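First up is the structure itself, then whatever we jot down about it.
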Number of protein chains: 2
Amino acid sequence: MASASYRRRQCFAGPLLAEPEWRVLDRSEIDWLNAIVMCRAYAPGQCIFHEGDACQGLYIICEGLVALRKHDGAGASVLIRLAETGDILGYRSLLAEEPYQTTAEVLKPSRVGFVATTIVHELIARKPDLAFAFLRRVCHDLGEAQERFHLTVTQSLRARVAYFLLLMKEDYGTETPDGSLLIELPISRRDMAEMIGVRSESLSRTIRQMTDDGILAFSGHRAWIGNTDRLLDELGPHVERHPMT
Amino acid sequence: MASASYRRRQCFAGPLLAEPEWRVLDRSEIDWLNAIVMCRAYAPGQCIFHEGDACQGLYIICEGLVALRKHDGAGASVLIRLAETGDILGYRSLLAEEPYQTTAEVLKPSRVGFVATTIVHELIARKPDLAFAFLRRVCHDLGEAQERFHLTVTQSLRARVAYFLLLMKEDYGTETPDGSLLIELPISRRDMAEMIGVRSESLSRTIRQMTDDGILAFSGHRAWIGNTDRLLDELGPHVERHPMT
DNA sequence: GAATATCCTTGACCGAGATCAAGGTGCCGG
DNA sequence: CCGGCACCTTGATCTCGGTCAAGGATATTC
């Protein structure tokens with residue numbers, strides 16, 4: 001429950017500075033940000049912001065894991081994006097000058113910094129490269145969102161599971177000694193279903209089928225994939241084989 | 001078949017200058033662009049660029065209608081976006097520095113201008129406001145794409161048709177003398193189905209049902225909606241009632 | 001204006017995935 | 001060790017939308 005007292009109050013430090021957005025800043029600007037930016041701890045289940053809220057600034061995940069969800073009134077929701085250490089939240093709303101369209105729910109104990117809108121604008125005005133960095137990121141995200149729509153509409157659930165695992169491989173996959181692939185999923189089965197856009201019961205069934213077919217093995221949040229090619233075969237014809245270029 | 005010879009060779013003129021991106025430019029920059037930018041005519045069916053192509057610059061629709069599609073190998077495709085007079089094509093790829101993810105297919109005879117990547121970068125460097133204009137646009141688009149995903153996953157076909165018509169109302173809707181709403185859809189039934197992410201047969205059936213229920217009337221590309229509230233009722237609970245803010 | 005291709009609608013059928021309902025299974029606090 | 005709880009899996013059933021196939025309607029061409 002975020003029991004630790006964080007000695008380091010500086011958000012902008014360590015590997016976080018390697019993020020494309022902050023890399024364009026120089027030392028003095030980093031120091032300035034560290035002096036201004038508030039950083040606080042969140043426990044799992046807490047929300048950083050809610051769908052419909054007015055956007056006041058940017059959030060930076062110094063450490064942790066956060067889910068961006070969209071809810072509909074009937075209780076169903078969809079997981080739009082996972083954000084982990086180093087990721088930024090709220091830039092879409094800030095730069096579109098619109099209210100939040102998603103709710104940011106903390107999944108693992110997190111430290112999150114807040115940068116007010118005015119600061120962001122000031123930084124961008126001072127560093128044109130920052131605008132480019134954001135542009136590149138948002139455009140890339142847009143491409144992913146379109147790809148996701150395409151996939152959801154044209155591909156079977158099974159193909160989408162395969163695709164999802166290949167995506168997660170990028171961030172959470174490791175090679176095991178015996179040459180197979182291990183993916184340590186950071187999320188529950190339900191959240192996984194929400195990312196794929198499917199009911200969790202259906203996801204369970206699909207995973208079982210794929211297990212029976214010897215394509216993968218699951219244990220809790222751990223997935224083993226013996227042969228990546230067999231996963232790729234699940235994708236429909238001519239679907240981009242290298243998601244997340 | 002684009003038989004007309006276009007006397008005006010200048011792309012950047014008239015209402016097109018009111019677009020948020022070009023509004024930030026001053027007279028000399030507009031003149032400069034008009035001197036450089038190539039403008040050519042396309043006939044329906046022609047493609048401006050193809051999925052997978054490297055991006056060389058930006059396209060501006062001086063006049064016409066263009067569809068951005070994603071294809072999968074099996075012949076199925078999805079219509080990602082409609083672009084009409086004044087709209088810009090290819091900015092996602094250009095700014096993300098990625099190949100095109102969609103194919104731009106001309107639907108109605110169009111005149112389209114081309115601005116090379118280097119020119120765009122030069123302009124942005126000169127006018128930081130241009131970067132902001134693009135940022136706002138892309139972020140807004142991203143929001144729409146996420147909303148669309150959410151909708152597709154959680155709502156029934158019928159609700160999605162209702163939502164689609166409310167979207168189209170913004171651009172193509174007019175009030176008729178008798179107080180009902182007339183929407184002149186610029187696209188075929190098939191394209192409409194591709195935008196909603198559904199087979200055209202299913203769309204036909206859904207339209208028929210809604211017609212039988214007295215919610216709307218269709219004739220060719222013309223849709224009448226007697227009572228907008230009844231369309232809104234079709235949307236699931238708590239779905240954003242004002243799409244395209 | 002007949003020929004022809006394309007688009008749209010309708011019908012019959014089917015199947016993937018949703019829904020409803022009931023167990024498992026693991027986890028935490030007592 | 002046991003009870004409670006959240007998460008996951010499985011089963012049975014249903015239904016929405018996809019698929020296949022056949023007609024109509026509408027353009028387009030000659």
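Only heavy atoms go into these numbers, but all of them, side chains included; no hydrogens, no water, no symmetry mates. Keep in mind the model is a prediction, meaning the values are calculated, not measured. Every chain is numbered from 1, with letters handed out A, B, ... down the list of sequences.
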In whole angstroms, how far is the [atom2] atom of [N] from the [atom1] atom of [X]?
X         : N       : atom1 : atom2 : result
Arg160(B) : dC16(D) : CZ    : P     : 14 Å
Ile207(A) : dT9(D)  : CD1   : C1'   : 10 Å
Arg199(A) : dT10(D) : CZ    : P     : 19 Å
Asp191(B) : dC7(C)  : CG    : P     : 9 Å
Leu157(B) : dA16(C) : CG    : C1'   : 16 Å
Glu194(B) : dC8(C)  : CD    : P     : 11 Å
Arg189(B) : dA25(D) : CZ    : P     : 15 Å
Arg158(A) : dA16(C) : CZ    : P     : 11 Å

Between protein and nucleic acid, restricted to nucleotides 22-27 of chain C and to nitrogen or oxygen atoms under 3.5 Å apart, what atom pairs and distances do you find?
none

Legend entry - Nearest to side-chain heavy atoms of Ser200(A), which nucleotide of dT9(D), dC8(C), dC8(D):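 Among dT9(D), dC8(C), dC8(D), the one nearest the side chain of Ser200(A) is dT9(D).
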
Legend entry - side chain to side chain donor-acceptor pair (under 3.5 Å) partner of Tyr172(B), the single match among Arg222(B), His221(B), Glu84(B), Glu184(B):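 When Arg222(B), His221(B), Glu84(B), Glu184(B) are each tested with Tyr172(B), the side chain to side chain donor-acceptor pair (under 3.5 Å) holds only for Glu84(B).
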
Legend entry - Tyr100(B) and Phe49(B) aromatic centres sub-6.0 Å: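 Under 6.0 Å, so yes.
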
Using 4.0 Å as the upper bound for N to carboxylate O, is an ion pair formed by [Y] and [X]?
X         : Y         : value
Glu144(B) : Arg81(B)  : no
Glu19(B)  : Arg137(B) : yes
Glu147(A) : Lys70(B)  : yes

Legend entry - salt bridge (Lys or Arg N to Asp or Glu O under 4.0 Å) involving Lys169(A) - partner list, sequence neighbours excluded: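 Salt bridge (Lys or Arg N to Asp or Glu O under 4.0 Å) list for Lys169(A), sorted by chain: empty.
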
Legend entry - Those residues that, when tested against Glu105(B), pass salt bridge (Lys or Arg N to Asp or Glu O under 4.0 Å) (two or more places apart):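 Once residues adjacent in sequence are excluded, the partners of Glu105(B) under the salt bridge (Lys or Arg N to Asp or Glu O under 4.0 Å) criterion are Arg69(B).
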
Inset, instruction - Tell me, please, whether Phe164(A) has Arg160(A) positioned over its six-membered ring: NZ or CZ under 6.0 Å from the ring centre and within 45 degrees of its axis? - result: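 Negative - Arg160(A) is either too far from the ring of Phe164(A) or too far off its axis.
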
Legend entry - Helical bend (five base pairs per end, nearest 10°) for the helix from dG1(C)-dC30(D) to dG30(C)-dC1(D):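 One end axis against the other gives 40°.
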
Inset, instruction - Report yes if at least one side-chain N or O of His221(B) is closer than 4.0 Å to OP1 or OP2 of dC7(C); otherwise report no. - result: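 No, because none of the side-chain N or O atoms of His221(B) sits under 4.0 Å from OP1 or OP2 of dC7(C).
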
Inset, instruction - Taking only the side-chain nitrogens and oxygens of Ser202(B), find out if one of them lies under 4.0 Å from OP1 or OP2 of dG18(D). - result: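 Answer yes for this pair, as a side-chain N or O of Ser202(B) is under 4.0 Å from OP1 or OP2.
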
Legend entry - Residues in side chain to side chain donor-acceptor pair (under 3.5 Å) contact with Ser180(A), at least two apart in sequence or another chain: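 Side chain to side chain donor-acceptor pair (under 3.5 Å) list for Ser180(A), sorted by chain: Thr176(A), Asp178(A).
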
Legend entry - Short side-chain donor-acceptor distance under 3.5 Å, His150(A) and Gln146(A):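 No donor-acceptor contact under 3.5 Å links the two side chains.
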
Legend entry - Donor-acceptor side-chain pairing of Asp141(A) and Tyr91(A) below 3.5 angstrom: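 Looking only at side-chain atoms, Tyr91(A) and Asp141(A) do form a donor-acceptor pair, the distance falling under 3.5 Å.
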
Using nucleotides 11-14 of chain C, report all nitrogen or oxygen pairs with the protein that are shorter than 3.5 Å.
residue : atom : partner   : partner atom : Å
dG11(C) : N7   : Arg205(B) : NH1          : 2.8
dG11(C) : O6   : Arg205(B) : NH2          : 3.3
dA12(C) : N6   : Arg205(B) : NH2          : 3.3

Inset, instruction - On DNA chain D, check which nucleotide each of Leu203(A) and Ser156(B) is closest to and give me the residue with the more 5' one. - result: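 Its nearest nucleotide lies further toward 5', so the answer is Leu203(A).
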
Legend entry - Neighbour count above 12 (heavy atom, 6.0 Å) for Arg158(A) CZ: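 Atom CZ in Arg158(A) is crowded, with more than 12 foreign heavy atoms closer than 6.0 Å.
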
